Each structure stands twice: as C-alpha cells, then as structure tokens.
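Structure first, then comments.
Just so it is clear, the model here is predicted, and its values are computed rather than measured. Quick note: residue numbers are just sequence positions, from 1. Atoms within a ligand are numbered from 1 in the order they appear, just like the ligands themselves.
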Amino acid sequence: MVILSVSGITKHFGGLTVLDGVDMEIEQGKLYQLIGPNGSGKTTLINVISGLLKPDGGKIVFDGTDITSKGLFDTYKTGLVRTWQIPQPFSTLTTMENFLISANSNSGESFLVAPLKSKWTNDEEEITDKAMQIMEMVNLTEQKQTASKNLSGGQQKLLELGRAMMSGASMILMDEPIAGVNPTLAHQIFEKISNICKKQKITFLIVEHRLDIALQYADYVFAMNQGKIIVQGSSDEVIKHPKVVESYMGK
Ligand SMILES: Nc1ncnc2c1ncn2[C@@H]1O[C@H](COP(=O)(O)OP(=O)(O)OP(=O)(O)O)[C@@H](O)[C@H]1O
Ligand SMILES: [Mg+2]
C-alpha cells in the first residue's frame, strides 16, 4: 500500500530552483533512503514533506490526506513525524519524562475528561506501558531516569526516535540520524530503525551521507541530484548506477 505520494514538487529560493519536479511513491512498512551529493535538495525535500516549508508546486498525499499545504503541526497530527538532525529534547527531563510528554493521546489533558479520574488513570497506565515498550525497542531502558542532557549523542538520537514513536507516528522522516555517531553505535541505530520498521510496520524515509553504513539497511533508495530524483531502486542498483556515480564525482 502506498502511504506517501509526492508528485511534481517544486521549490525555489529566490532565483534558485532547489526542487525541480520531485516524484516519489512510498509504500507502508519499508525503510527508504534518500541520498545525493551536498546541496542536491535532500533537506529541502524533507522540509517540504514535513510541512516546515511550503512547496511552490506539486502535490503531497499522506495516508489518504492531501497535506500539500499543511504546516508542520497539522502534518504531525496525520502521523507523519520528522525527527531533528540536531536532537533537541527537553534537556532537564529524564528519558521517561521525555517519552511521556510525547504521547499525543493523553485524555487527562482534556478538561472534559480530567474529572473522570478512572478513565484518566487507565490512559496513564497505558501510556506508561507503551513508553516502557518503546524504551526497550530503542535500547534506553537503562537510561530511564537519566536527564536527556546527560545522554550521549547517539542515545539522544535514539531518544528522538522513541519520542516520534510515542507520538503514534506511522511514518518517520530523519535527516542524517547518524551524523557524528561512531560506527558501532551508528550500526546499532540503523539496526533498531530496521527492526522497528519491520515489526511495527512504521515507514521510514532517511537522508544519510554515510552510505557505507546506511545503505545496507535500506529496502529502497532514491538518489537525488540538482533537485531531481535521478535514479531509484535497490541499494546495489542505485549505488552502482553511472548517473549516481557521476553526480558524486562532480562534487
Ligand atoms: N533557506 C534557504 N534559502 C536559500 N537557499 C537555500 C535555503 N535552504 C537551502 N538552500 C539551497 O538549496 C540547495 C539545496 O540545499 P539542501 O540543504 O536541501 O541540500 P542537501 O541535499 O540537504 O545538502 P547536504 O547534503 O549538504 O545536507 C543548496 O544550494 C542550498 O544552498
Ligand atoms: Mg541536508
């Protein structure tokens, strides 16, 4: 099933065409990667899909909803969630607290339901259980009571991933999740992402530069150059494709 469909997306900055008619079809429950040389438009495309930037033309449909002109928050509410390149968790809160505030279905926050304590308590228990499960999936159980500012860089990225899952995301966008992370931890992060993708049927679209580490985890790869998808297919097909090789050599 196609969960995200991007068609004919264009974006200009002043006189510069940064996205030049991008088309993508993304199926549910797969791990997609978006690669391409510096300045090819990858971050801009993620910004446009997540609603941070509005496209100048084209259409984006997520899970049956036209999200082309929706902003970041309305897009987030449809289940399409972006994690940040530089993790910005609430730094004095613990891992557990960060997880709990990311849950988007806490009816205790609604003044109509708040007086009904039993309903509220049930939700609290459910959310705590969900937080424990997700914490285990992203390997942060031991850091449950650690303030997020004391987590390592890699652990903060796992925290961001966990928070996106807590929000009930059905698709997660990530821009360079392993930038600055040592190779061992980088592989662990991609293994976690891959497991979550397969077991929870969450769809991922990930921009990554460290192809030697990242590509082996991809189900499907899009290669961009100068604002266009130039090649797409399996990791092997894409990385060996002359157009892709040439695009990297030009830089
Ligand atoms: N807000 C902006 N205003 C003007 N130009 C911009 C803006 N954001 C990006 N650009 C330009 O758009 C082009 C694409 O940038 P983008 O950040 O999307 O590339 P990228 O593929 O993510 O690159 P990298 O691999 O270096 O992260 C670049 O030429 C960049 O300078
Ligand atoms: Mg970028």
Side-chain angles (χ1 to χ4, degrees), residues 4-26 31-60 62 67-73 75-76 80-88 153-154 156-157 160-161 164 171-183 186 189-190 193 203-218 220-233 235 238-239 241-251:
L4 176 71
S5 155
V6 170
S7 43
I9 288 295
T10 56
K11 181 73 191 171
H12 311 281
F13 289 122
L16 188 68
T17 299
V18 174
L19 299 177
D20 191 9
V22 175
D23 298 317
M24 278 176 152
E25 291 253 293
I26 291 198
L31 197 166
Y32 290 81
Q33 277 176 30
L34 177 60
I35 68 167
N38 292 118
S40 52
K42 304 179 299 296
T43 297
T44 306
L45 181 58
I46 296 291
N47 287 343
V48 166
I49 294 173
S50 62
L52 185 67
L53 291 175
K54 297 247 184 309
D56 295 318
K59 190 173 177 186
I60 307 170
F62 177 70
I67 58 163
T68 316
S69 53
K70 285 193 194 293
L72 202 54
F73 187 62
T75 301
Y76 169 92
L80 176 56
V81 175
R82 182 214 170 122
T83 67
W84 299 93
Q85 191 166 356
I86 302 162
Q88 297 167 315
Q156 293 202 14
K157 294 195 181 177
E160 277 295 285
L161 174 60
M171 177 163 179
I172 297 177
L173 305 169
M174 303 176 103
D175 195 357
E176 303 193 32
I178 59 167
V181 174
N182 77 57
I189 290 174
F190 263 103
I193 293 171
T203 312
F204 284 87
L205 175 60
I206 302 178
V207 174
E208 196 41 69
H209 267 295
R210 292 167 72 188
L211 306 184
D212 54 328
I213 291 174
L215 276 183
Q216 58 197 286
Y217 298 96
Y220 197 85
V221 178
F222 294 100
M224 260 188 116
N225 193 31
Q226 297 180 339
K228 287 193 166 84
I229 303 292
I230 52 167
V231 177
Q232 56 183 287
S235 310
V238 170
I239 199 63
H241 197 288
K243 276 189 179 173
V244 175
V245 175
E246 191 190 342
S247 75
Y248 276 94
M249 304 238 287
K251 291 280 156 175

Ligand 1 atoms nearer than 4.0 angstrom to some heavy atom of Glu176 are 27 (O)
Atoms of ligand 1 less than 4.0 Å from His209 heavy atoms?
-> 24 (P), 25 (O)
Whether Lys157 side chain and Ala179 backbone form a donor-acceptor pair below 3.5 Å = yes
Please could you name the atoms of ligand 1 that Asn38 approaches to less than 4.0 Å, counting only its heavy atoms?
-> 23 (O), 24 (P), 25 (O), 26 (O)
How about Thr43: does one of its N, O or S atoms come closer than 2.8 Å to the Mg ion (ligand 2)?
-> yes
At under 4.0 Å between heavy atoms, which part of Val18 makes contact with ligand 1: side chain, backbone, both or neither?
-> side chain
Ignoring angles and geometry beyond distance, decide whether Gly39 reaches within less than 3.5 Å of ligand 1 through its nitrogen or oxygen atoms.
-> yes
Sub-4.0 Å heavy-atom contact, Met224 with ligand 1 = no
Does Pro37 offer a backbone N or O that forms a donor-acceptor pair with the side chain of Lys42 under 3.5 Å?
-> yes
Phe62 side, atom CZ; Leu4 side, atom CG - distance, nearest 0.5 Å | 7.0 Å
Can you find an N or O of Gly36 that's nearer than 3.5 Å to an N or O of ligand 1?
-> no
Would you mind running through ligand 1 and noting each atom that sits below 4.0 Å from a heavy atom of Thr44?
-> 15 (O), 16 (P), 18 (O)
Residues which pass side-chain hydrogen bond (donor to acceptor under 3.5 Å, both in side chains) with Gln232, listed by chain and number, not counting sequence neighbours = Tyr220
Identify, with sequence neighbours excluded, every residue that meets side-chain hydrogen bond (donor to acceptor under 3.5 Å, both in side chains) alongside Lys228.
-> Asp20
Using modelled atom types only, decide if a donor and an acceptor are shared between the side chain of Thr68 and the backbone of Ile60 within a distance under 3.5 Å.
-> yes
So with a 6.0 Å cut-off around NZ of Lys54, is the heavy-atom count from everything else above 12?
-> yes
